[in-house]
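Structure, as structure tokens:
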Amino acid sequence: MDARPNSPEARDIRYHLHAYTNARKHQETGPLVIEKGDGVYVEDIAGNRYIEAMAGLWSVAVGFSEKRLVEAATRQMSKLPFYHDFGSRAHSPLIDLAEKLVQMAPVPMSKAYFTNSGSEANDTAIKMIWYRSNALGQPARKKIISRKRGYHGVTIAAASLTGLPNNHLSFDLPIANILHTSTPHHWREAEPGESEEQFSARLADDLEKLILAEGPETIAAFIGEPIMGAGGVVVPPAGYWEKIQAVLSKYDILLVADEVICGFGRTGEMFGSQTFGIKPDIMVLSKQISSSYLPISALIINDKMFEPIADESDRIGTFGHGFTGGGHPVAAAVALENIKLIEERDLVGNARKVGAQLQARLRKLASHPLVGEVRGVGLIAAVELVADKASKAPWGKPAALGALVNGLLQQNGVISRNMGDAIAFCPPLIITEAQVDTLVDAFERSLDAALPQVRPQG
């Protein structure tokens, strides 16, 4: 770190409170200042180049230097730099994007609603679900079931859906009417000898018991990511989504698919719902919708959601919810061009092809002394690290080993992220097979460098 008083690093320490950061530790270590991007690479202020193996925050599908997105933003900025959708106003990019999203949805959908982030979108989903229950004359039907280790954002309501302790501690969360059920992580949570199908059946039974204990008439919806992202890239076990959906259907409970990470090609299908046979009533979209070049998110809802909401807005006189920047014309134009690029360049197919190589290369590391589990689908994966393979025990405090290897990986030219002791990989969808090899080679070197520290005696 550059310690000069007027350096970018020193000014960052002085003026900037960071997201998801230990604020006291940051005062000692300072930031990694990223200066520019090129394809799957980013470069820091000192000229060091890294493969960005997390696509920023699971999100930069087309890489960090796509000129067509810059040009789309420039064209729209010069034509109509801002407008809104309050009071029946609209603009062409928003209309075009709404049509595109509804038409490309993997199940029949009715309308798109626009927000600025995944957190705002999930917050909006909660409000829509409550609004609908009131419209149907079911004021008691307000509880929403999420999952432990699920991630759905950080606004007050969305953070309540999130099932991670650090998103609740000292924030006085979760709020009322948010429940959490079991995590579908077979490797960590299954009982001895329990197959994936048996494990899935037990989790569906856990869900049904929760619904019955709370009262089915009080449960409005269930929300889940097709693959859990920030909770550790947890891939659902065999039969999981089929069994969960059967329980929800039995009690007429809405299903919200949080596609913020999985959507737009990440799993090797356009949506994670297609990969796992999910038939949602609401789909929540963000991140890769615009490759995060500009903030935009959306909910797609079916007629089961829309019709009661429309009736209630007619009774009241308005649907009293909206964001100044929701469906921003420049962000919408960029999202449309981004989706066009994903389709034209078959980046979904690339996620399947190159993703298969990423999964195969990582699975070859399963015998490494520090590797407990390798999991993933398409171009999203995680490697869970352990100090002892048999007991699955961590090295010292949980997350210590993940932090050690993640730091070594950065030294070896790859930016990743450790979620506890799981190292995540979610590179841009444009990544090549050669770049995957470079990435995994660097990870293997990092594992080898960590081993003497974890096992000093060999």
Side-chain angles (χ1 to χ4, degrees), residues 39-40 51-69 72 96-109 112 118 224-229 233 235-236 241 257-280 283-293 296-298 300 332 334-362 375-382 424-437 439:
V40 302
I51 291 179
E52 226 304 350
M54 286 300 296
L57 282 173
W58 321 85
S59 56
V60 184
V62 300
F64 291 86
S65 54
E66 180 48 63
K67 291 183 179 179
R68 278 177 55 178
L69 297 193
D96 292 345
L97 183 57
E99 179 182 41
K100 179 64 176 177
L101 294 176
V102 170
Q103 290 183 352
M104 72 189 299
V107 294
M109 288 292 181
E225 306 151 271
I227 295 175
M228 283 183 162
V233 188
V235 179
W241 277 111
D258 185 335
E259 292 266 8
V260 168
I261 287 175
C262 293
F264 302 99
R266 180 57 57 187
T267 64
E269 299 285 351
M270 186 61 77
F271 298 102
S273 292
Q274 294 167 282
T275 304
F276 298 105
I278 304 170
K279 298 179 179 179
M283 294 175 67
V284 180
L285 311 172
S286 189
K287 294 191 184 291
Q288 290 195 154
I289 192 173
S290 66
S291 283
S292 289
Y293 276 47
I296 186 170
S297 57
I300 319 177
V334 169
L336 281 163
E337 189 68 15
N338 178 71
I339 294 169
K340 191 180 296 184
L341 285 166
I342 289 171
E343 292 177 333
E344 284 179 8
R345 297 174 182 175
D346 191 21
L347 296 186
V348 179
N350 196 62
R352 280 196 301 272
K353 178 187 173 185
V354 181
Q357 185 193 9
L358 174 66
Q359 303 297 333
R361 283 291 320 266
L362 289 175
R375 51 186 183 263
V377 174
L379 278 175
I380 182 169
F425 298 99
C426 186
L429 299 187
I430 62 169
I431 195 168
T432 66
E433 292 177 336
Q435 290 165 341
V436 163
D437 284 337
L439 186 163

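The figures here come from the full heavy-atom set of this structure, side chains too, leaving out hydrogens, waters and symmetry mates. This one's a predicted model, so the numbers in the text were calculated from it and none came from an experiment.
No side-chain heavy atom of V40 sits under 4.5 Å from any side-chain heavy atom of L439. Residues F271 and L285 are in side-chain contact: their nearest non-hydrogen atoms beyond the backbone lie under 4.5 Å apart.
Not counting sequence neighbours, the partners of T432 by the side chain to side chain contact (heavy atoms under 4.5 Å, CB included) test are A434, Q435.
Between the CG atom of D96 and the CG atom of L101 there is a distance of 11.0 Å, given to the nearest 0.5 Å. In this structure, the separation between OH on Y293 and CZ on F64 is 8.0 Å, given to the nearest 0.5 Å. Taken to the nearest 0.5 Å, the CZ atom of R345 stands 11.5 Å off from the CG atom of N350. Taken from CD in E259 to CD in Q274, the straight-line distance is 8.0 Å, to the nearest 0.5 Å. Here the OG1-CD1 distance, from T267 to I261, works out to 12.0 Å after rounding to the nearest 0.5 Å.
Side-chain N or O atoms of E269 include none that pairs as donor or acceptor with a backbone N or O of G272 at under 3.5 Å. Counting only distance, with no hydrogens or angles, the side chain of S65 and the backbone of G39 share a donor-acceptor pair below 3.5 Å. Formation of a donor-acceptor pair under 3.5 Å by the Q359 side chain with backbone atoms of I380 is found in this model. With hydrogens and angles ignored, the 3.5 Å screen pairs a side-chain donor or acceptor of E66 with a backbone N or O of R68. The backbone N or O of V62 lies less than 3.5 Å from a partner atom in the side chain of S291, making a donor-acceptor pair.
Considering R266, M270, K353 as possible partners of V348, the one that fulfils the side chain to side chain contact (heavy atoms under 4.5 Å, CB included) test is M270.
Considering every non-hydrogen atom in both P226 and S273, the closest pair reads CG-N, 4.0 Å.
With 3.5 Å as the limit, one finds no donor-acceptor pair spanning the side chains of N338 and Q288.
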